[in-house]
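Remarks on the structure that follows.
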There are 2 protein chains.
Amino acid sequence: MTDLTIASVNETRWLDETQQQAWRSFLGGTTVLMDRLDRDLRSEHGLSMSEYEILVRLSEAPDRSIRMADLAAALSHSRSRITHTISRLERDGIVLRTQCGTDGRGVTAVLTDRGFELLATAAHTHVRGVREYLIDQCSAEDLAATQRVMDAIQAAIGGRTF
Amino acid sequence: MTDLTIASVNETRWLDETQQQAWRSFLGGTTVLMDRLDRDLRSEHGLSMSEYEILVRLSEAPDRSIRMADLAAALSHSRSRITHTISRLERDGIVLRTQCGTDGRGVTAVLTDRGFELLATAAHTHVRGVREYLIDQCSAEDLAATQRVMDAIQAAIGGRTF
DNA sequence: AGTACTTGATTGAAAGTTCAACCATGTGCT
DNA sequence: AGCACATGGTTGAACTTTCAATCAAGTACT
């Protein structure tokens with residue numbers, strides 16, 4: 001700690017050509033992929049990617065229900081965003097809000113049967129996209145390497161700070 | 001073409017455990033990374049990631065200027081989004097709009113000196129983030145593999161369809 | 001020249017996200 | 001009990017993105 005010079009703290013190490021290209025590809029690839037998956041889901045089922053992700057989490061949870069704050073943490077969304085999104089989904093009969101039994105402050109979102117059916121249908125579109133655009137486009141080794149990179153990123157950044 | 005059965009067209013091949021995990025990591029990693037880079041840029045320089053990307057492109061272009069449509073294509077944004085974003089940047093004195101000489105319809109955005117200086121400052125933050133969260137977190141081989149995957153995605157999806 | 005069609009860009013409204021302020025409930029300390 | 005403080009969730013306003021409609025200018029074909 002005391003050995004750090006001002007220079008070592010302030011100096012910016014720029015990216016070399018290779019790194020720069022890797023970063024551009026990363027940026028371009030994720031943008032294009034997310035955008036396309038979102039678009040497919042929207043046009044075929046009227047669901048956005050983030051709505052879809054919420055439904056997936058709920059469908060896997062016990063009683064198909066998760067508390068708002070846990071949902072927010074799992075998806076790296078703000079509490080506020082979850083509130084608004086769940087409100088829209090509730091308006092459309094896809095989820096339901098219930099009071100949490102053990103914690104007076106808590107609200108848990110529950111997937112309705114209608115919501116489950118919508119998810120079951122939309123999943124075809126989503127999985128087809130993930131396969132067609134990502135999984136079928138690269139070797140298993142490269143996919144595994146990509147996964148290592150993604151996991152490292154998440155480890156480096158850790159939980160969200162609000 | 002004529003050999004395809006209905007089944008081969010309609011049947012959904014679900015993801016196995018490994019693929020599913022890879023996809024979850026992908027989703028989580030990109031979400032967390034983009035979110036963090038955006039947040040850093042915003043809090044330190046009042047710039048969003050997409051605004052920053054526009055400035056980068058402009059700064060590298062001849063005369064530090066690019067036509068609106070080309071900017072939209074390069075960043076996979078809609079024309080409308082570029083119009084609105086450039087309007088905000090123009091209001092803040094970061095870019096300028098000029099008529100394109102050769103095409104009466106065209107408008108080209110130009111980076112101002114003020115905009116260039118802002119970019120030069122913000123670049124430190126951005127590059128530090130890319131290094132800290134991504135490049136320093138993985139091996140060069142895994143980064144190269146990730147780049148191959150990203151390039152394959154872009155090739156598979158190709159240009160945006162509006 | 002005149003017609004239809006495409007491309008470039010903007011506009012305004014609707015939808016979604018963020019941010020700060022707020023209220024209610026739980027937790028810990030004295 | 002009473003206090004401060006942290007946590008869970010909502011709200012409304014500001015901001016950003018999307019979508020459909022519009023206008024202007026280029027291109028192609030007759």
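Letters go in sequence order (proteins before strands), and every chain restarts at 1. Computed from heavy atoms alone, side chains included, the values below leave out hydrogens, waters and symmetry copies. Just so you know, these numbers come straight off a predicted model, no measurement behind them.
- Of all nucleotides listed (D/dG8, C/dA9, C/dT18), C/dT18 comes nearest to the side chain of A/S78.
- Where DNA chain D pairs in unbroken runs of 3 or more (Watson-Crick or G-U, both distances under 3.5 Å), the stems are C:1-30 with D:1-30.
- Near DNA chain D, defined here as any heavy-atom distance below 4.0 Å, the residues from residues 81-100 of chain B are B/R81, B/H84, B/T85, B/R88, listed numerically.
- Taking atom CZ on B/R42 and atom P on C/dT17, their separation rounds to 13 Å, with Å as the unit.
- Without hydrogens or angle criteria, A/T112 side chain to A/G93 main chain gives a donor-acceptor distance under 3.5 Å.
- Residue pairs meeting the salt bridge (charged side-chain N to carboxylate O under 4.0 Å, His left out) criterion with at least one partner in residues 120-136 of chain A, sequence neighbours excluded, are A/E44-A/R128, A/R131-A/D136, A/D136-B/R13.
- Set against C/dC19, D/dG8, C/dG8, the side chain of B/R39 has C/dC19 as its closest nucleotide.
- In this structure, CG of A/L75 is placed 12 Å from P of C/dT17, rounded to the nearest angstrom.
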Distances for protein N/O vs nucleotides 22-28 of chain D N/O pairs under 3.5 angstrom?
unit_1	atom_1	unit_2	atom_2	d
D/dG26	OP1	B/G104	N	2.9

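- Residue A/I153 comes nearest to B/Y133 through the heavy atom pair CG1-O, 3.5 Å, listed as atom of the first residue, atom of the second, then distance.
- Note on B/E60 versus A/R24: salt bridge recorded, some NZ/NE/NH1/NH2 to OD/OE distance being below 4.0 Å.
- Across every non-hydrogen atom of B/S48 and B/L41, the tightest pair is O-CD2, 4.2 Å.
- For DNA chain D, the neighbouring residues in residues 43-65 of chain B, judged by any heavy atom under 4.0 Å, are B/S50.
- For the atom pair A/L27 CG and B/E53 CD, the distance stands at 4.5 Å (nearest 0.5 Å).
- Among residue pairs with one or both ends in residues 95-111 of chain A, those qualifying as salt bridge (charged side-chain N to carboxylate O under 4.0 Å, His left out) are A/R67-A/D103, A/E90-A/R97, A/D103-A/R105; sequence neighbours excluded.
- The pair B/R88-B/D92 does not count as a salt bridge, with every side-chain nitrogen at least 4.0 angstrom from each carboxylate oxygen.
- One interatomic measurement links the two molecules: NE2 of B/H77 to C1' of C/dT10, which rounds to 18 Å at whole-angstrom precision.
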